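Just follow the structure's listing: the first ligand is 1, and inside any ligand the first atom is 1. Please read all numbers here as calculations on a predicted model, not as lab measurements.
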Amino acid sequence: MTAHKILFVIIDGLSDRPCPELGGLTPLEAAKKPVLDRLATEGICGIMDTIAPGIRPGSDTAHLALLGYDPHTYYTGRGPLECEGSGIHMDAGMIGFRCNYATVSPAGLIVDRRAGRIHDTAALSKVIQEGVDLSRFGVEFTFRSGAGHRAALALKGEGLGHCVSSNDPKKDGVPPLTVNAVRQTEEDKKTAAVCNEFVRQSTAILANHPANQKRSADGLVPANIVLMRGAGEMGQYEPFSQKYGINGSVIAAASLITGIGRAVGLTPVPVPGITGSQDSNIDGKIRAVIDELKTKDFVLVNIKGADEAGHDGHVAEKKAFIERVDTALVPLIPLKDCLLVVCADHSTPCSIKDHSADPVPVVIWGEGVRVDNVTHFDERACAMGGLNRITGAALMPMALDLINKAHKYGA
Ligand code: ZN
Ligand code: ZN
């Protein structure tokens, strides 16, 4: 019997480099993780370059690669994927931006790039959506709040380019920048003009909004300007169901990952209490996974907190979070008829506080795998496993082969 379903558990930024604080072990090696070790013992292990050896992946490009969408072809910047993740449907050719609400002083200087980490901005986004008019450019737009101070902007219209700069000066105490065309084409110049007009009109609307007057009265900084960055043109994604003949869902706290899922045609599944941080509701995510697998052939779940600990350089927190994840995975063990793949999207070593190109550990567990001699799920143990060293692009084809959905190449 082979399994019929595939589950990808992607533990974001899981892997690391040897840490002096842990006597030369990585947080994953040092963590107590009986479930992951059991999967390694009963499965086939390896290490994986999610994009290619020596390439430091972003979470976005890594997830595209793991889903079998070559990021060199499909990745067109973060903006359009953030738009999808915010629930804006992006047609190919639309231009997307990731945005923040920020605070500008009466003197015109940015004083808080996150507007005091404001949340619940839906009312503000609604007045912007209703009040800003870009019709003289022949452009329609959708502006939507994301988590916290975040938002997304999508533009639709003829003759728009996607190579434009940001109005975010990336520091406080200076004025917002003007959005400029990067390539000096007519298309980019038009998009830049549209962006500057959007900022001008939305700033005027935000200045007088009662929610901001109330914030000021409460001693909070107002959310009175929108900063935008990450411009990109939405690409044409071959739908997942067409590409592989199976349907699927995506479960993630980060709108970027949900957006990638939506872009390829996976169904996003909301889970209450997921934060993308170390306090996230992992148990709720795993329950949602089990629920989705009742009706779907494929589920990708992203668990984010280890990446955050890596970016912060917090070795002990990273180890503790891995132990929490391990416990949360217990309900997956009795899963029947499902091939389980556990891996990271990239390493986030505490020593460099950013993503690195160090390959990630991967285990495939389920009916039919050639069980190897690896008994621990970690960076060095998995390097001795039966998968050897693979690329992210190989993962979907290998999983499809194991569930008997691969097509024969040749006679
Ligand atoms: Zn990541
Ligand atoms: Zn990261």
Identify each donor-acceptor pair in which a side-chain atom of residues 246-253 lies under 3.5 Å from a protein atom, sequence neighbours left out, and give them as a table.
from	atom 1	to	atom 2	distance (Å)
Asn247	OD1	Asp297	N	3.0
Ser249	OG	Glu292	OE1	2.6
Ser249	OG	Lys296	NZ	3.0

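Partners of Asp112 by salt bridge (charged side-chain N to carboxylate O under 4.0 Å, His left out), not counting sequence neighbours: none found. Arg215 pairs by the side chain to side chain donor-acceptor pair (under 3.5 Å) definition with nothing, not counting sequence neighbours.
Proximity of Leu66 to Thr50: side-chain heavy atoms (C-beta onward) are separated by under 4.5 Å at one or more points.
For Gln184, the CD atom counts as densely surrounded, since its 6.0 Å shell holds more than 12 non-hydrogen atoms of other residues, nucleotides or ligands.
Residue Asp345 approaches the Zn ion (ligand 1) most closely through its N/O/S atom OD2.
Protein N/O/S atoms closer than 2.8 Å to the Zn ion (ligand 2): Asp307 OD1, Asp307 OD2, His311 NE2, His355 NE2.
A salt bridge is defined here as a Lys NZ or Arg NE, NH1 or NH2 lying under 4.0 Å from an Asp or Glu carboxylate O, and Arg200 with Glu197 meets this definition.
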